[in-house]
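Below, read A as the first sequence line, B as the second, and so on, with proteins coming before strands; counting in each chain starts at 1.
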Protein chains: 4
Amino acid sequence: MPARHRRRTSGADGESRKRILDAAEDLFAARGFDATPTAAIATRAEVPKGLVFYYFPTKESILTTLIAERPSTEPLDDVAGLAVTGEPATALVNLDAALDRGGRRAMRTILWREADTHPAAREHLRTLRAYLQNVTVEVLRASAPLTAPARVLDSCATAWVAAMLSAAHIDRFRERDDRIEDLRGVARVVTAGLGALSTP
Amino acid sequence: MPARHRRRTSGADGESRKRILDAAEDLFAARGFDATPTAAIATRAEVPKGLVFYYFPTKESILTTLIAERPSTEPLDDVAGLAVTGEPATALVNLDAALDRGGRRAMRTILWREADTHPAAREHLRTLRAYLQNVTVEVLRASAPLTAPARVLDSCATAWVAAMLSAAHIDRFRERDDRIEDLRGVARVVTAGLGALSTP
Amino acid sequence: MPARHRRRTSGADGESRKRILDAAEDLFAARGFDATPTAAIATRAEVPKGLVFYYFPTKESILTTLIAERPSTEPLDDVAGLAVTGEPATALVNLDAALDRGGRRAMRTILWREADTHPAAREHLRTLRAYLQNVTVEVLRASAPLTAPARVLDSCATAWVAAMLSAAHIDRFRERDDRIEDLRGVARVVTAGLGALSTP
Amino acid sequence: MPARHRRRTSGADGESRKRILDAAEDLFAARGFDATPTAAIATRAEVPKGLVFYYFPTKESILTTLIAERPSTEPLDDVAGLAVTGEPATALVNLDAALDRGGRRAMRTILWREADTHPAAREHLRTLRAYLQNVTVEVLRASAPLTAPARVLDSCATAWVAAMLSAAHIDRFRERDDRIEDLRGVARVVTAGLGALSTP
DNA sequence: AATGAATGAGACTTCATTCAT
DNA sequence: AATGAATGAAGTCTCATTCAT
């Protein structure tokens with residue numbers, strides 16, 4: 001006997017809509033988009049099946065909405081605050097922590113998994129990468145004592161972004177502590193490299 | 001009008017089996033496992049639908065077989081040969097090229113996409129990562145003129161592996177040339193860092 | 001040209017579900033469970049194929065539901081009323097007629113055919129047999145003038161139940177009239193035996 | 001890797017044929033005809049799949065052959081020997097034992113299960129029933145001291161055949177000992193009835 | 001705005017049977 | 001006489017989506 005959904009007096013408007021998106025985010029991340037039936041989304045959201053299609057014309061549009069409305073990383077409002085003058089390595093690690101704090105783990109999983117198939121995800125990823133690169137350059141510039149050529153700064157940022165993304169995505173099955181320890185080491189190497197390639 | 005398959009008298013042995021695996025590899029990489037119907041595999045392999053299940057009891061087992069039989073990266077038989085004494089940055093870039101040459105791009109795409117859902121893929125990825133880390137350490141040791149503490153070498157390798165994987169996987173939608181240019185820069189930073197953190 | 005089903009707005013509640021069970025009952029009885037495609041059930045029920053699985057998650061569950069919901073024999077509400085004092089043979093024949101009237105022929109066919117393979121059917125059959133045995137004992141006790149030892153009554157009931165089941169199941173391919181004629185003879189023998197083994 | 005069947009030097013001719021029939025008999029009895037794939041028959045017979053169709057043009061013909069060649073009950077060669085003058089009840093129980101000894105349990109299971117769908121099985125069952133009826137009459141006539149009218153003898157035989165078939169088929173899920181105990185009781189009732197309805 | 005029965009295309013898989021060797 | 005790869009029709013089941021209420 002299917003659990004009747006008592007006519008939800010829709011506390012705040014759009015309450016159901018949010019529940020649907022929440023459910024979809026969880027399920028898409030856990031099983032993948034293709035392997036998630038809309039019926040499962042409705043069940044987990046505790047709304048009737050029909051309501052899903054009332055809010056979203058297609059299953060695809062649930063994904064699109066998720067990508068559009070739920071940032072994988074909140075824009076950092078105080079990049080300068082992350083800098084630690086004279087200790088760029090610490091600053092980099094801070095940056096990773098701040099980004100990790102701000103974002104939605106599930107959304108990142110979804111974005112990468114679906115990037116091959118859904119242009120919106122691909123596009124989002126491109127933007128994200130560029131943003132990370134810029135922020136990293138900023139943090140390094142504000143923290144490193146020396147002047148480095150733009151190209152060197154860029155390469156350092158590329159290395160660090162790769163390390164962060166690797167830790168978050170590729171190494172997502174490893175223990176969190178191990179990943180952070182690895183990141184510290186990489187930060188040291190990158191900033192040492194930055195120092196060596198800068199003019200005093 | 002369905003293309004009748006004239007009874008293919010198994011020209012070479014295992015010919016059909018190979019065709020099926022080839023087709024699956026291509027399609028899984030292009031659309032993802034879930035989005036690839038077994039019928040599409042049969043069509044692309046130019047074998048009748050039933051034959052797919054003659055060789056592989058389930059769709060899942062096609063994926064498992066692919067992961068077991070088709071290495072994402074051939075083991076490098078001459079790691080030492082990649083070293084360039086005194087020029088570790090060049091050596092690193094060589095390493096990336098060698099790995100890229102040896103492996104199957106499609107398999108890598110598949111492995112990462114399905115890692116969340118298929119344990120076999122996850123396991124394979126773990127092994128791959130460890131292998132890359134080891135090889136990178138070897139190459140650096142053989143190329144760098146100075147003695148670096150093990151921890152530093154490890155961190156450098158971690159950084160480089162992250163860069164290679166990033167370039168191959170995360171940045172797979174960018175132009176190939178751009179990615180290689182980026183890798184060169186990262187190699188320079190990493191080796192500079194290695195030098196700075198080593199004892200002369 | 002596939003018969004489009006105009007969207008049947010569930011006239012009476014559970015209407016479609018009943019149609020599906022009806023169709024399944026007929027077809028399972030006629031061809032057997034294994035030989036009945038779910039598509040045939042849908043066609044006969046005049047519902048779209050998908051609806052069958054909306055109501056029943058698996059084909060097996062259609063059978064289980066049938067066994068659970070559709071009695072092969074209605075419980076007799078007036079056993080005493082079947083008794084004919086002094087004429088136990090007549091009473092026995094009455095009993096058979098009453099049971100035959102109350103029950104669903106198709107369900108019995110299904111139950112016996114699937115008993116080897118479906119535990120639910122086997123269990124149901126066991127219960128049915130015990131019920132028939134009890135009812136027969138009651139009818140005999142109420143109709144026979146003499147006092148018979150419990151063991152004798154039991155054996156008479158066993159004989160009669162065997163005869164009824166044989167007539168209904170094993171001899172189901174013979175003419176109905178022949179079977180009834182046979183039953184009358186058996187009733188006479190059994191009650192004569194009962195008389196002979198009773199104390200006056 | 002499929003178990004290669006070493007080219008059986010076909011010890012006695014028809015060895016494979018027998019193995020196939022044996023396997024089919026077991027499997028049809030256990031799972032039913034429809035639920036038994038020809039591949040399973042080949043596997044259990046330890047012959048290659050193709051060989052099944054070398055000996056039998058269709059799956060159906062395996063069943064037909066089984067029914068034609070493998071009697072569910074061997075014809076009793078010494079019916080008279082079963083009689084026990086003056087103790088018809090004992091004689092009846094002897095008869096059941098003799099029949100049970102002679103026959104193939106599996107074949108009986110198959111025959112009843114497939115009777116609804118396969119005419120050959122139905123026909124065989126009809127013949128079997130008639131045979132049992134005749135033999136029972138013979139045994140009773142040879143054992144009972146009194147002369148009974150033919151109709152009474154017939155009814156007694158019908159009752160006994162029903163009891164035997166019930167015990168063998170309908171009660172096949174009960175304990176064997178219980179069934180035999182029941183049969184003894186029924187034999188007593190039937191012979192008592194026979195006595196009561198006979199003229200001295 | 002909300003609901004859940006209804007719909008049918010299509011997915012994976014099974015299997016009797018064929019046939020070149 | 002024997003073999004096992006090949007074939008395709010058909011079966012069970014899933015699911016996005018529609019729609020009357």
Side-chain angles (χ1 to χ4, degrees), chain A residues 2 4-10 13-14 16-17 34-42 47-60, chain B residues 2 4-10 13-17 34-42 47-60, chain C residues 2 4-10 13-17 34-42 47-60, chain D residues 2 4-5 7-10 13-14 16-17 34 36-42 47-60:
Chain A
R4 268 328 132 80
H5 305 278
R6 49 193 138 353
R7 202 169 277 261
R8 192 185 303 289
T9 20
S10 81
D13 192 25
S16 293
R17 186 176 181 280
D34 283 324
T36 302
T38 54
I41 297 174
V47 302
K49 244 189 343 212
L51 198 56
V52 171
F53 287 88
Y54 176 75
Y55 283 112
F56 305 96
T58 61
K59 186 184 169 187
E60 170 89 29
Chain B
R4 274 314 137 85
H5 301 275
R6 55 187 125 12
R7 201 166 271 263
R8 185 196 306 284
T9 312
S10 90
D13 194 26
E15 171 63 14
S16 294
R17 185 175 182 279
D34 282 325
T36 303
T38 53
I41 297 174
V47 301
K49 262 188 317 185
L51 199 57
V52 172
F53 290 91
Y54 177 75
Y55 285 108
F56 304 97
T58 61
K59 186 183 168 188
E60 167 91 30
Chain C
R4 275 314 139 85
H5 301 275
R6 54 188 125 9
R7 201 166 272 264
R8 186 196 305 285
T9 312
S10 91
D13 194 25
E15 171 63 14
S16 294
R17 185 175 181 279
D34 282 325
T36 303
T38 54
I41 298 174
V47 301
K49 264 188 315 184
L51 199 58
V52 172
F53 291 91
Y54 177 76
Y55 284 108
F56 304 98
T58 61
K59 186 183 169 188
E60 168 91 31
Chain D
R4 267 329 132 79
H5 305 279
R7 202 170 278 260
R8 193 184 304 290
T9 21
S10 79
D13 191 26
S16 293
R17 185 176 182 280
D34 283 325
T36 303
T38 55
I41 297 175
V47 301
K49 243 187 347 208
L51 198 56
V52 171
F53 286 88
Y54 175 74
Y55 284 112
F56 304 96
T58 61
K59 186 184 169 188
E60 170 89 29

K.L.:
Using the criterion of both pairing distances under 3.5 Å for Watson-Crick and G-U wobble pairs, give all stems of 3 or more consecutive pairs involving DNA chain E.
P.N.:
E:2-21 with F:2-21
K.L.:
On DNA chain E, check which nucleotide each of Gly50(C) and Val52(A) is closest to and give me the residue with the more 5' one.
P.N.:
Val52(A)
K.L.:
State whether Tyr55(D) places a side-chain N or O below 4.0 Å from either non-bridging phosphate oxygen (OP1 or OP2) of dA2(F).
P.N.:
yes
K.L.:
Nearest to the side chain of Lys59(C) - dT13(E), dA16(F), dT12(F)?
P.N.:
dT12(F)
K.L.:
Between Ala35(A) and Pro37(A), which heavy-atom pair has the shortest distance, and what is it?
P.N.:
O-CD, 3.3 Å
K.L.:
If you check every side-chain atom of Thr58(B), which of dT13(E), dA16(F), dT3(F) has the closest atom?
P.N.:
dT13(E)
K.L.:
Compare every heavy atom of Lys49(B) with every heavy atom of Ala39(B), then report the nearest pair and how far apart it is.
P.N.:
CB-CD, 3.9 Å
K.L.:
Kindly give the heavy-atom pair with the smallest separation between Phe56(C) and Arg17(C), and that separation in Å.
P.N.:
CZ-CG, 4.0 Å
K.L.:
Choose from dA16(F), dT3(F), dA6(F) the nucleotide whose nearest atom is closest to any side-chain atom of Pro48(D).
P.N.:
dT3(F)
K.L.:
Please figure out whether Arg17(B) or Phe53(C) has its closest DNA chain F nucleotide nearer the 5' end.
P.N.:
Arg17(B)
K.L.:
Could you tell me the separation between the CG atom of Asp34(B) and the C1' atom of dA16(F), rounded to a whole number of Å?
P.N.:
15 Å
K.L.:
Tell me every residue that passes salt bridge (charged side-chain N to carboxylate O under 4.0 Å, His left out) with Asp34(D), counting only those two or more places apart in sequence or in another chain.
P.N.:
none
K.L.:
Among dA16(E), dT18(F), dT3(F), which nucleotide has an atom closest to any side-chain atom of Tyr54(D)?
P.N.:
dT3(F)
K.L.:
Give a yes/no answer on whether the side chain of Thr38(A) brings an N or O atom under 4.0 Å of OP1 or OP2 in dC15(F).
P.N.:
no
K.L.:
My understanding is that only residues two or more places apart in sequence, or in another chain, count here; which of them pass side chain to side chain contact (heavy atoms under 4.5 Å, CB included) with Thr38(D)?
P.N.:
Phe53(D), Lys59(D)
K.L.:
Quick check for you: among dA2(E), dT7(E), dC12(E), whose closest atom lies nearest to any side-chain atom of Pro37(B)?
P.N.:
dC12(E)
K.L.:
Leu51(C) has a side chain; which of dT17(F), dT7(E), dA6(F) sits nearest to it?
P.N.:
dT7(E)
K.L.:
Which listed nucleotide (dT17(E), dA2(F), dA6(E)) is nearest to the side chain of Lys49(A)?
P.N.:
dA6(E)
K.L.:
Rounded to whole Å, how long is the line connecting atom CD1 of Ile41(C) with atom C1' of dC13(F)?
P.N.:
13 Å
